[in-house]
Amino acid sequence: MDMSSTQQPDERMAMLAPDSVRVGVFAGMAPLVLLILSVTTTFVMSAIALSVTGSVGFMTRQTLVIAVVSLGALISLVIYTIMCIRALRQVRQWQHLGATKAATGALWTLALVALLTVSPVLVALMWPAPQW
Amino acid sequence: MSSSTLAPPPATTPAQRVSTGGKMTRRIVAALLAITVLLTVAYAGVSTYVATQMVYTAPQTITLSPADYGLPYQSVAFKSREDNITLRGWFIPGIRGVGLFTTERTIIVVPGGQQNRTDIYGGALSVSVDLARNGYAVLVYDPRGTGDSPVAPFSMGYFEQRDVLGAVDFLRTGLLPYPDLGRPGAIGVWGISTGATSALLAAAQEPALRAVVSDTAATNVVPLLQQQVLERSGLPAFVMPGAFAAARVLYGIDYYAVRPVDVVARLAPRPVFFIHGDHDPWLPASNLTSLVKAAESAPNAHVQSWIVPGVVDHAQTFHTMPVEYMDRVLAFFAASLGPGHTQ
């Protein structure tokens, strides 16, 4: 076995950014940021689709808008999933390398991201009943 | 020392050993991420499905016409205001006497929600016939998404008010179905249920509508829509905010903006007659009370109201007391627009 391999992890640690909570938070926020960007883009595209198809029949408009929204939702879900997996892999790497502050910061942030992702459902649960 | 002696295993630093606790925490967070995204996706999916069902109108065949009541009429087509949807309907001249017709006072008749121009359930055609026989010309049409008008999402009046405004435009500037009779001198509107909601919203922004009969209108449509959706689907109430949001995104419908109670004060000083069934199972009579109060808050308001006794189904006021109903409506229009037929 190459004795130098024992040096690599420590060398990698040394080459890493400082082990800080802020680094972990940034990594944990990435899935949410990209999710917001992709969902916003989807809304904008659907609004554009609604406005530019004003003169065509309803069925055509509906088909187009549903296609735009469905595609946007699918892309958003894929992006979010990939970014979450990447973030969790980064956390695992940090944990292996002893960067506990960064790993902890990322994990807490990812937990918060999960909470924010489900917040529409929570808001709906708490939405007041409509009154006459 | 022999070269075959194995080197000692590489020393591992404490940092290189991932604690069991850290691994567990990572897995818990991963599970949390997965569960929450699945919940949100499921909620979005259900909300979207509910929204598509809210806007859907089953096709209805038109099986009657004014001719079945011995009345002349012309088939007409006109564009809705703003979005220029071609709507189709009938124009029935008012009967002044044998062989004598008039369009001097014309009533736009707006059917109930998801009903075509005959609206047998709410009585739109029957009311149209009675109005015409008493000297009022009638424009009754298929609101968007119904009858012979194009397919469109049902929006509880949010878009349908544009149909009423298009009817006004047609009467004022469109191709006259009876050119010899000239244009209407005065235009009123009668609407039932969602038709009444559309009529109120349209009248609030169109002064050419000189008198309004609003039968079984809602103060705002969200409670009604929610009640109907939940009763028919059996879903829990918390899906509705998502369904309303989905309707906004997919169809541009803002159900929360359909609030006649917020605009009826603008009708003044034009006369408005609110009618409601005493035991309407979909819309409690308190809706009428609130609408009357809001309308009367305006200076120079002219508001009439009538809670029809013995009504046990939605929007059945005309069918419950047809004779008295028409007596009151005709008296209202005569006072507001003048008598339908020349003395």
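By convention in this document, chain letters (A, B, ...) are assigned in the order of the sequence lines, proteins followed by strands, and residues within each chain are numbered from 1.
Side-chain contact of B:T86 with B:K79: a donor-acceptor pair under 3.5 Å is present, judged by distance alone. Between the side chains of B:S155 and B:E160, at least one donor N or O lies within less than 3.5 Å of an accepting N or O. B:H314 and B:T216 form no side-chain donor-acceptor contact under 3.5 Å, judged by distance and modelled atom types alone. Residues B:R232 and B:Q228 have side chains that bring a donor and an acceptor to within less than 3.5 angstrom of each other. Checking B:S290 against B:N287 by side-chain atom types alone, no donor-acceptor pair falls below 3.5 Å.
Taking B:L38, B:L224, B:T48, B:V261 one by one and counting their heavy-atom pairs under 4.5 Å with chain A, the maximum is reached by B:L224. When each of B:A42, B:P241, B:S47 is scored by its heavy-atom pairs under 4.5 Å with chain A, the top score falls to B:P241. For the options B:T52, B:L33, B:T219, B:V37, heavy-atom pairs under 4.5 Å to chain A are most numerous at B:L33. Chain A forms the most heavy-atom pairs under 4.5 Å with one residue out of B:P150, B:G252, B:P153, B:A218, and that residue is B:P153. Comparing A:L107, A:T117, A:L110 by how many heavy-atom pairs each has under 4.5 Å with chain B, the most go to A:L107. Most heavy-atom pairs under 4.5 Å with chain A: of the set B:I28, B:L283, B:V221, B:V239, this distinction falls to B:L283. Interface summary for chain A: among B:V55, B:V222, B:V151, the most heavy-atom pairs under 4.5 angstrom belong to B:V151.
Using a 4.5 Å cut-off between heavy atoms, B:P223 contacts chain A through both its backbone and its side chain. B:Y256 touches chain A through its side chain: at least one heavy atom from C-beta onward sits under 4.5 Å away, while N, CA, C and O do not. Only the side chain of A:L77 has a heavy atom closer than 4.5 Å to any heavy atom of chain B. Interface remark: B:V41 contributes side-chain atoms only to the contact with chain A (heavy atom separation under 4.5 Å). Neither the backbone nor the side chain of B:P236 comes within contact range of chain A, judged by heavy atoms closer than 4.5 Å. Proximity to chain A is absent for every atom of B:A237, based on heavy atoms less than 4.5 angstrom apart.
Between B:D163 and B:R81 there is no salt bridge, since no side-chain nitrogen of the basic residue lies less than 4.0 Å from a carboxylate oxygen of the acidic one.
Aromatic rings of B:Y141 and B:F78 (six-membered ring for Trp) have centroids within the 6.0 Å cut-off, being under it.
The closest side-chain heavy-atom distance from B:Y255 to B:I253 is below 4.5 Å. Side chains of B:F244 and B:D254 form no contact here, defined as non-hydrogen atoms less than 4.5 Å apart.
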